Engineer: 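Okay, handing you the structure first.
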There are 2 protein chains.
Amino acid sequence: MNYSVSEENYIKTIFHLQKKEGTVTTNELAGELKTRPASVTDMMKKLKAKKLLHYQPYQGFRLTTDGSKVALGIIRRHRLWEYFLAEKLKFTWDEVHEVAEELEHVSNKKLIDKLDAYLGFPKKDPHGDPIPDAQGKIESGKKIRLPEVPLNTSCLVSGVSNQSGEILDLLKHKKISIGTVVEVRKRFEFDQSLEIRTGKQTIINISRELAENILISYEA
Amino acid sequence: MNYSVSEENYIKTIFHLQKKEGTVTTNELAGELKTRPASVTDMMKKLKAKKLLHYQPYQGFRLTTDGSKVALGIIRRHRLWEYFLAEKLKFTWDEVHEVAEELEHVSNKKLIDKLDAYLGFPKKDPHGDPIPDAQGKIESGKKIRLPEVPLNTSCLVSGVSNQSGEILDLLKHKKISIGTVVEVRKRFEFDQSLEIRTGKQTIINISRELAENILISYEA
DNA sequence: AAAATAATTTAGACAAATCTAAATTAAGTT
DNA sequence: AACTTAATTTAGATTTGTCTAAATTATTTT
Ligand SMILES: [Mn+2]
Ligand SMILES: [Mn+2]
Ligand SMILES: [Mn+2]
Ligand SMILES: [Mn+2]
């Protein structure tokens, strides 16, 4: 239930990276945390053992549902403190992050919920990023459907609106799942089918019917 | 310049204990910090190496001037956060200590000084204890002289008003120095001499002239 | 002044988080 | 398909802070 400062920093960073990339790699995380790949591997084993992480050697990693909840708690604390620092203590918006980086690890629920109330339940931090509420709900990166995504913009599959066995079978065959990074390369007017890239390389075609049911959250 | 949470907890606890007792022992500190005597000895070596502590094996320890400065910084943070929690977040006075115990270790000077200003430079925490200012000055446990101390009240020698070689020689002979715990047992009207206890046991007599020059800070 | 007891320190071990260097696996290229 | 390079993992150390058990030193009692 309680995590070390180090574990929290890993969890939070994975959360942010996977938002952009679907899956996170060892080197990427090592770069972000200014640590060594070997240290990342060690920590990944630990987080997997705590069921916060999906991880198979050489396959990259993603947070589990539990892991994401933990991450949202940390992000909530971080952003509430940033709001407090800017709004009440008159720090400038570029100074708050560094200080919040320390305050976020004080994980007393009552403290954070009272701070939230004191600040008037702010919705966004000083950088405009949304603040998760006490239940971990965060203003969604508004989901859109694949056909609405601009061309050549890498984005993330975050859900499927039709849950039938048939569509899941098709998605499985095309190796598309929640967390897959996709990019629309071409739109064919004749039948509204799309040529898309999945993962890092694979180029495939999907029908309008399928595309309509793929929910996307995109943050570049 | 920056200390670990563990080091800070030791430093702060030594500061409080030596205020009451002059010198601090291994078992005492272990008891207070809920750790083992062997761990205390290990940490004492480290703090001595960092010149925060006077320590000779088996002789107990006291903070150096530098050590006390560090302690006052931690106490300042602790008490400012306690004030914030009670005053702004509406915690009750008995809840604040536990939370402040965590917040005190976020040691960003600008944060604390801005918090202090935001709170209106409070002088006392919710328990009535004085808050050190940004320079580490704390409302003194007003020094009095030995003859003014009530009978049978253990208190601490905190200074000497006359710094001549003669008085220092006499004090040395009587084994009284800064940090010695003393207690006045009897007052003789005839010559205003005092019978006092020094340390835990020794009973000695001192003249009015000497007593007048011994400064006392007493906190039981 | 011994002997007994209490306080303190040392020796050796362990968990957490990190590192370097070497080994392994995956990916990209002829 | 084999070779080369890049990414990742493993092996083995290191630092910090802690512990238990044993040895040492100080204090108190006889
Ligand atoms: Mn930030
Ligand atoms: Mn952090
Ligand atoms: Mn307190
Ligand atoms: Mn503390």
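Remember, it's a predicted structure, so these values are computed and weren't measured experimentally. Lettering follows sequence order; numbering is per chain, from 1.
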Engineer: Using 0.5 Å steps for rounding, measure from the NE2 atom of A:His78 to the NE2 atom of A:His105.
Structural biologist: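 Interatomic distance, A:His78 NE2 to A:His105 NE2, rounded to 0.5 Å: 9.0 Å.
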
Engineer: How long is the gap from CD on A:Glu183 to OG1 on A:Thr153, to the nearest 0.5 Å?
Structural biologist: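 Nearest 0.5 Å value for the CD-OG1 distance: 7.0 Å.
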
Engineer: Classify the ring geometry of B:His127 against B:Trp93: parallel below 30°, tilted from 30° to 60°, perpendicular beyond 60°.
Structural biologist: perpendicular

Engineer: Tell me which of A:Gln201 and A:Val5 sits closer to the 5' end of DNA chain C, going by the nucleotide each one is nearest to.
Structural biologist: A:Val5

Engineer: How does each nucleotide of nucleotides 4-9 of chain D score, in 5' to 3' order, for protein heavy atoms under 4.0 Å: base (B), sugar-phosphate only (S), or none (-)?
Structural biologist: ---SBB

Engineer: Report yes if a side-chain nitrogen or oxygen of B:Tyr10 is closer than 4.0 Å to either non-bridging phosphate oxygen (OP1 or OP2) of D:dT18; otherwise report no.
Structural biologist: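 Yes, B:Tyr10 has a side-chain N/O under 4.0 Å of OP1/OP2 on D:dT18.
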
Engineer: Using a heavy-atom cut-off of 4.0 Å across all strands, would you classify A:Ser6 as base, sugar-phosphate, or nothing?
Structural biologist: sugar-phosphate

Engineer: Less than 4.5 Å apart, side chain to side chain, heavy atoms only: is that true for A:Leu53 and A:Met44?
Structural biologist: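 Touching, per the 4.5 Å side-chain cut-off.
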
Engineer: Hey, mind stepping through A:Ile176 and A:Ile204 against side-chain contact (heavy atoms from CB on, under 4.5 Å) and telling me if it holds?
Structural biologist: CA-CA 11 Å; A:Ile176 296 171; A:Ile204 61 172; 4.2 Å; yes

Engineer: Tell me if the centroids of the rings in A:Phe61 and A:Tyr10 come within less than 6.0 Å of each other.
Structural biologist: no

Engineer: List every contact pair, protein side and nucleotides 13-15 of chain D side both N or O, where the distance is under 3.5 Å.
Structural biologist:
none

Engineer: What is the distance, rounded to the nearest whole Å, between atom CG of A:Leu33 and atom P of C:dT18?
Structural biologist: 9 Å

Engineer: Considering only residues two or more places apart or on different chains, which pairs with a residue in residues 65-77 of chain B satisfy salt bridge (charged side-chain N to carboxylate O under 4.0 Å, His left out)?
Structural biologist: B:Glu8-B:Arg77, B:Arg76-B:Asp113, B:Arg76-B:Asp116

Engineer: How many whole angstroms separate atom CE of A:Met43 from atom P of C:dA15?
Structural biologist: 16 Å

Engineer: Could you tell me which non-hydrogen atom of A:Leu85 sits nearest to which non-hydrogen atom of A:Ala100, and how far apart they are?
Structural biologist: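 That closest heavy-atom pairing would be CD1-N, 4.1 Å.
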
Engineer: Nearest-Å distance, CG (B:Leu47) to P (D:dT18)?
Structural biologist: 11 Å

